[in-house]
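The chain is numbered in sequence order, starting from 1. No experiment lies behind these values; they were computed from the predicted model shown. We count ligands from 1, going down the list as the structure has it; atoms in each ligand are counted the same way.
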Amino acid sequence: MKTLKRIGILTSGGDAPGMNPCIRAIVRAATAEGISCIGIRRGYAGLINSDIFELSNSAVDGLTKQGGTILYTARCDEFRQEEYQKKGAATCKHLGLDGVIALGGDGTFRGAEALSRQGVMVVGVPATIDNDMGCTEYTLGFDTACNTALDAIDKLRDTGQSHERVSVVEVMGRNAGHLALYTGLAAGASAVLLPERPVNFEKDVLEVIRRGCIRGRRHHIVVIAEGVGHATTYAKRIQDATGIEARVTVLGYIQRGGVPSARDRASAGLMGVHALDCLRRYDEAQAVVIQKGDIAHLPLHEANGMVRSLDETMSTICNRVDGSWYWDR
Ligand code: F6P
C-alpha cells in the first residue's frame with residue numbers, strides 16, 4: 001500500500017450524469033484520509049496547460065444531484081501526440097501528484113493509458129451515456145440518459161397517439177446501439193434500429209407498422225440510434241410507403257444533462273472510492289469496471305483492448321415482449 005498525499009482528478013470527452021457525484025465521492029474519501037485533491041479543468045487540455053485548482057471538501061458540496069461536471073470537459077486532439085503527453089506528465093510531476101483519476105469513455109481511457117506510459121499512475125473511471133466500453137457492464141450516465149430518453153418518448157407517445165402518427169425518435173450513442181436498445185425495450189417501441197444490426201427496412205420496419213395497423217394500432221414509436229443514420233431519412237421513407245404521417249424528434253444533448261439517477265449516484269460513489277483504492281494499491285494503471293454486477297478493476301491496457309457487443313439476451317427479450325423487433329424473426 002502506498003501513502004498518497006496529493007491526487008489529480010479530471011473529466012474528459014462527453015459529459016455524463018454521475019461525473020459530479022463521482023468527483024464528490026473521491027474528494028470526500030480522499031480528504032478524510034488527509035489526501036489533498038487537485039481538480040484539472042477541461043480534461044487533458046487542462047493537464048497540458050496546468051489549468052488546475054484545489055478541490056476542497058466544500059468545493060464538492062451538493063454535487064450528488066448535479067449533472068455535468070464542475071471540472072469542465074473537452075476532447076483534446078493534441079493529447080494524441082507524445083509531445084503533449086510528456087507535457088501532461090511534466091505537469092503531474094511539477095504538482096507532485098501521486099496519481100490521477102480520469103473519468104470518461106474510450107477516448108479518455110486511451111489518453112489515460114498514454115499518460116501512464118509517461119510514468120504517471122492513472123486510474124480510469126468509466127463515464128459515458130453510451131455504455132459502449134468493452135471492459136465494463138456499466139458506465140456512469142447511462143441510466144440517467146435512458147430515463148431522460150424514456151421520459152421524452154412517453155410524451156411523444158401522447159401526441160403521436162392523438163394524431164395517429166409514427167414518432168421516429170433518434171437517440172445518441174455514437175456508433176453503438178446500447179442506449180437505443182435499452183430505451184426501446186423500456187418504451188415498448190414498434191421497431192428499434194441499431195448500428196450493430198443490418199436492417200431490412202421493408203420487412204423490419206414497414207411490415208411491422210402495417211401489421212400493427214391491421215391489429216388496430218394507430219400510432220407507432222420507432223427508435224433510431226444515431227449511428228444508423230438520420231432519422232429524417234427514415235421518417236420520410238415510412239411516410240411515403242405507409243401513408244401514415246411520420247414526425248421526427250432528435251433527442252440530442254438533453255440526454256447528457258439532468259439530475260443523475262439513483263443508480264448513477266450510487267455507482268459514482270462506488271466507482272470513485274474504488275478508484276482511490278486502486279491508486280493506493282497499484283503501480284500499474286488500472287480501470288475501474290463493473291463485471292458480473294460487481295465493482296472490480298483490471299489493468300488499463302487490458303481494459304482498452306476489450307470490445308463491447310450488443311446485449312443478446314436483451315434483444316431476444318425485446319423481441320418476445322413486443323413481437324415485432326426484427327433481428328430474431
Ligand atoms: O459519447 C457521448 C456522446 O454524447 C455520443 O452519444 C455522441 O455521439 C457524442 O458524444 C457527441 O459528441 P459531442 O459532444 O462532441 O458533439
TODO: With heavy atoms under 4.0 Å as the rule, classify the contact between Gln255 and ligand 1 as side chain, backbone, both or neither.
DONE: neither
TODO: Identify, for atom 11 (C) of ligand 1, the protein heavy atom at the shortest distance, and state residue, atom and that distance.
DONE: Arg256 NH1, 3.5 Å
Task: Enumerated ligand 1 atoms positioned under 4.0 Å from heavy atoms of Glu226 - done: 5 (C), 6 (O), 7 (C), 8 (O)
Open item on the list: Other residues, nucleotides and ligands only: do more than 12 of their heavy atoms fall within 6.0 Å of NZ on Lys2?
Closed with: yes
TODO: Note the single closest protein heavy atom to atom 15 (O) of ligand 1, along with its residue, its atom name and the distance in Å.
DONE: Arg75 NE, 2.9 Å
Open item on the list: Any nitrogen or oxygen of Gly173 lying under 3.5 Å from a nitrogen or oxygen in ligand 1? Just yes or no.
Closed with: yes
TODO: Considering only NZ, NE, NH1 and NH2 on the basic side and carboxylate oxygens on the acidic side, decide whether Arg80 and Glu78 come within less than 4.0 Å.
DONE: no
Open item on the list: Among all protein heavy atoms in this structure, tell me which lies nearest to atom 9 (C) of ligand 1, with the distance rounded to 0.1 Å.
Closed with: Arg174 NH2, 3.5 Å
TODO: For the pair Arg280 and Asp277, find out whether any cationic side-chain nitrogen is under 4.0 Å from an anionic carboxylate oxygen.
DONE: yes
Task: Carboxylate-amine/guanidinium proximity below 4.0 Å for Glu54 and Arg6 - done: yes
TODO: Could you tell me the residue and atom name of the protein heavy atom closest to atom 1 (O) of ligand 1, and the distance to it rounded to 0.1 Å?
DONE: Asp130 OD2, 2.7 Å
Open item on the list: Check this for me: does any side-chain nitrogen of one of Arg28 and Asp61 sit under 4.0 Å from a carboxylate oxygen of the other?
Closed with: yes
Task: Heavy-atom gap Gly105 to ligand 1 smaller than 4.0 Å - done: no
Open item on the list: Among all protein heavy atoms in this structure, tell me which lies nearest to atom 16 (O) of ligand 1, with the distance rounded to 0.1 Å.
Closed with: Tyr253 OH, 2.4 Å
TODO: Verify the neighbour count for atom NE2 of His301: are there more than 12 heavy atoms of other residues, nucleotides or ligands below 6.0 Å?
DONE: yes
Open item on the list: Does the plane of the ring in Phe142 sit parallel, tilted or perpendicular to the ring in Tyr182? Use 30° and 60° as the thresholds.
Closed with: perpendicular
